[in-house]
Amino acid sequence: MSRVTMTYREACRQAIREAMLRDERVFLMGEDVGAYGGCFAVSKGLLDEFGPSRIRDTPLSESGFVGAGIGAAIEGMRPIVEIMTVNFSLLALDQIMNNAATLRHMSGGQLGVPLVIRMATGAGRQLAAQHSHSLEGWYAHIPGLTVLAPGVVEDARAMLWPALQDPDPVLIFENAALYNSEAEIDDPPPVVDIRSAAVRRHGSDVTLITYGGSLHKTIAAAEQLASEDIDAEVVDLRVLRPLDDATIMASVANTHRVVVVDEGWRTGSLAAEITTRIVEQAFWDLDGPVARVCSAEVPIPYAKHLEDAALPDVDKIVHAVRRTLGEGA
Amino acid sequence: MNEAIKHPPRTHSEPLTVGTAEHRRALLQQMMLVRRFEERCVELYQAAKIRGFLHLYIGEEAVAVGAMQSLEPRDVVLATYREHGHALARGVDPGAVMAEMFGKVNGCSRGRGGSMHLFDVSHGLLGGNAIVAGHLPMAVGVGLASRMQRTGSVAACFFGEGAVAEGEFHESMNLASLWKLPVVFLCENNSYAMGTAVERSEAQTDLSLKASTYGVPAYRIDGMDVEAVEQGVRGAVAIARESGPVFVELMTYRFRAHSMYDPELYRDKQEVAAWREHDPITLLADRLRAAGDLDDDALAQMELAVTETVDAAVAMAETGELEPVDDLTRFVHAEATR
Ligand SMILES: Cc1ncc(C[n+]2csc(CCOP(=O)(O)OP(=O)(O)O)c2C)c(N)n1
């Protein structure tokens, strides 16, 4: 086995290529995936390699082409539907929630929707309120879906194939801030499951639980804390639904203190769900209250200083950890 | 008819409207302002003063400038994220627009919206809307309020041809027609939705047929000719005010990339060059010269005036303040009067 260096973007592209080569039922469709090369250049070059039947440009019709992906999946294809960003997935929410997530159940198990929907997510690029949502926590609310959030290059490369093997719909959230990140990974990529979280850094003083675009900020915070002799463990959820309770609780049992970092808004967030589960399952392991670092309760503003103030960052994570360690027994 | 989409419209040697020379020069100057303003925006983007997405209207100026001429102060304008030209042509202070892009509190949306979300209620400008087709249903509602309150105002809703593929376009056309609402649907057909050419996204590329299906009268106008736009939209606005919705397709072209990050793999440089031959500013300037209503001196004076306006706008943006971070969560709900 060898090692290769690639960007997160390239990892997404290689994952799509590999799937298309391995399984002829796989095709990619979405807005500007072909001639334009993908709005984040993920699918650049794929039109030349696979042709317009399998790299399908769609009109601006999110509800239409996501619904079409559902229909094609039911009838034996393995579509990868790309929605440019989570912001526009709201136009397809009806299809995702009322069709993709429910058909198996409503049909008493007769139907399955083996569909993968990929979309970019996240704020931090001064794109203002309509282009900065982090709604993966919303989607994680919906039974019938599997929700993935690869936070590292290796997972961007490795998670698509198992997602396509899943007999039910899988949503993959790619935080747009990650596309340019680069790492050396195994080639061929490791086999991963799409059910478990990963511990990215081992530590004994506090557990930092996060995912996606906040992962790198959290790791940076952990490194900064290390210089203060605070030894933080970082759990990368990777899978937002179903949550890997076992990995979370094992870490909590080890560190007894928790900070959850989530780019979603605090109220009704994934961070709230994780906190509740810890309280339900590991209350007696805790030495103090669980803390959360989330986005401020405001539509994301354009002005940089306000956007920065609205989002989790290294400083806020470090402060939350210090506070947490100062509290309790 | 479809061919017209791919190729530039024929140059009109005959002026279509005979406004006063003064009015025609004003049209020219407004288009020049939009052009120079945006050219400055590009420089400021490169200097990292402006961030986020920046969608330029360069090449399409005749559409907003021509269309605004027949709108009254009571009318309401809804536009897309490519709306600098609409804001300026509607009379929004260029300084407030520039300050908005700088993220300053003296910006027209207090720096909260940026380039894609220019709002100025005092000028009846309801955005700056960045979800494609998302503002069309709102325009229907604006028309509904006008009818129910008998204000006589019209909603002028600008959108790209890409929006026609969205369900919201069809729902809006139907509602507006069903209820006979005073809405002018102004479709800025620049041939491309990002990299997707209209013939690659529409099974029926004659967009006017879609409007007709809903019983909405439809017109196609050369969007590179500001006088044709002014005249055509004037008629459409009159119909809307009187009887119900109208669909106007304005054939235009964006000379620049979709936004600041677009390698333009999807179109031919020659196609762009061919359209540049039909630059709306040159077209009108040449016509005015031919009519003896513009000479080098007058043009130079206009350039000077425009430059001064843009300079002043940049100065206002530069000297504007940043909103205090303590105010971060303001404007999420209505506030008691402060
Ligand atoms: C619902 C939705 N889907 C996708 C996008 C991303 N997007 C922004 S602009 C654009 C192209 C729109 O083209 P068109 O409507 O023709 O207007 P133009 O940009 O040419 O002025 C796309 C796909 C979006 N903003 N909203």
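Within every chain, numbering begins at 1; the chains are lettered A, B, ... in the order of the sequence lines, protein sequences first and strands thereafter.
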- What is the minimum heavy-atom distance between B/Ile131 and A/Leu91, and which atoms define it? CG2-CD1, 3.8 Å
- Task: Mark yes when over 12 heavy atoms from residues, nucleotides or ligands other than A/His141 sit less than 6.0 Å from its NE2; otherwise mark no.
- Result: no
- Where is the tightest heavy-atom contact between A/Tyr302 and B/Arg51, given as atom of each residue plus distance? OH-N, 3.0 Å
- Query: What closest approach, in Å, do A/Glu297 and B/Val332 show between heavy atoms, and which atom pair accounts for it?
  - Reply: O-CG2, 3.8 Å
- Please flag which part of A/Ser61 lies under 4.5 Å from any non-hydrogen atom of chain B: side chain, backbone, both or neither. both
- What are the two closest non-hydrogen atoms of B/Leu328 and A/Pro301, and how far apart are they? CD1-CG, 3.9 Å
- Query: Should the ring pair B/Phe53 and A/His131 be called parallel, tilted or perpendicular, given that the plane angle runs from 0 to 90° and is split at 30 and 60?
  - Reply: perpendicular
- Separation between CZ of B/Arg112 and CD of A/Glu307, rounded to the nearest 0.5 Å: 12.0 Å
- Item | Taking every non-hydrogen atom, the tightest pair across A/Ala303 and B/Gly103 | CB-O, 3.4 Å
- Query: Is any side-chain heavy atom of B/Asp262 closer than 4.5 Å to a side-chain heavy atom of A/Tyr36?
  - Reply: yes
- So, the part of B/Met194 with a heavy atom under 4.5 Å from chain A: the answer is both
- Note on the structure: Tightest non-hydrogen contact, residues A/Ala128 and B/Gly113, listed as CB-O, 3.4 Å
- Message: Tell me if the NE2 atom of B/His123 is crowded by more than 12 foreign heavy atoms within 6.0 Å.
- Response: yes
- Applying a strict 4.5 Å limit to non-hydrogen atoms, the region of B/Ile50 in contact with chain A is both
- chain A contact via B/Tyr261 - side chain, backbone, both or neither, heavy atoms under 4.5 Å: backbone
- Task: Answer with side chain, backbone, both or neither: which region of A/Lys44 has an atom nearer than 4.5 Å to a non-hydrogen atom of chain B?
- Result: side chain
- Item | Part of B/Glu323 within contact of chain A (heavy atom distance under 4.5 Å) | both
- Message: I'd like to know which of B/Gly162, B/Gly107, B/Ala130 tops the heavy-atom pair count under 4.5 Å against chain A.
- Response: B/Ala130
- Taking atom CE of A/Met97 as the centre, does the number of heavy atoms from other residues, nucleotides or ligands within less than 6.0 Å exceed 12? no
- At a heavy-atom separation under 4.5 Å, does A/Ala296 approach chain B through its side chain, its backbone, both, or neither? side chain
- Task: Would you please test B/Thr196 and A/Asp32 for side-chain hydrogen bond (donor to acceptor under 3.5 Å, both in side chains) and show each step?
- Result: CA-CA 6 Å; B/Thr196 303; A/Asp32 285 314; 2.7 Å; yes
- Heaviest contributor of heavy-atom pairs below 4.5 Å to chain B, chosen from A/Ile300, A/Leu60, A/Thr58, is A/Leu60
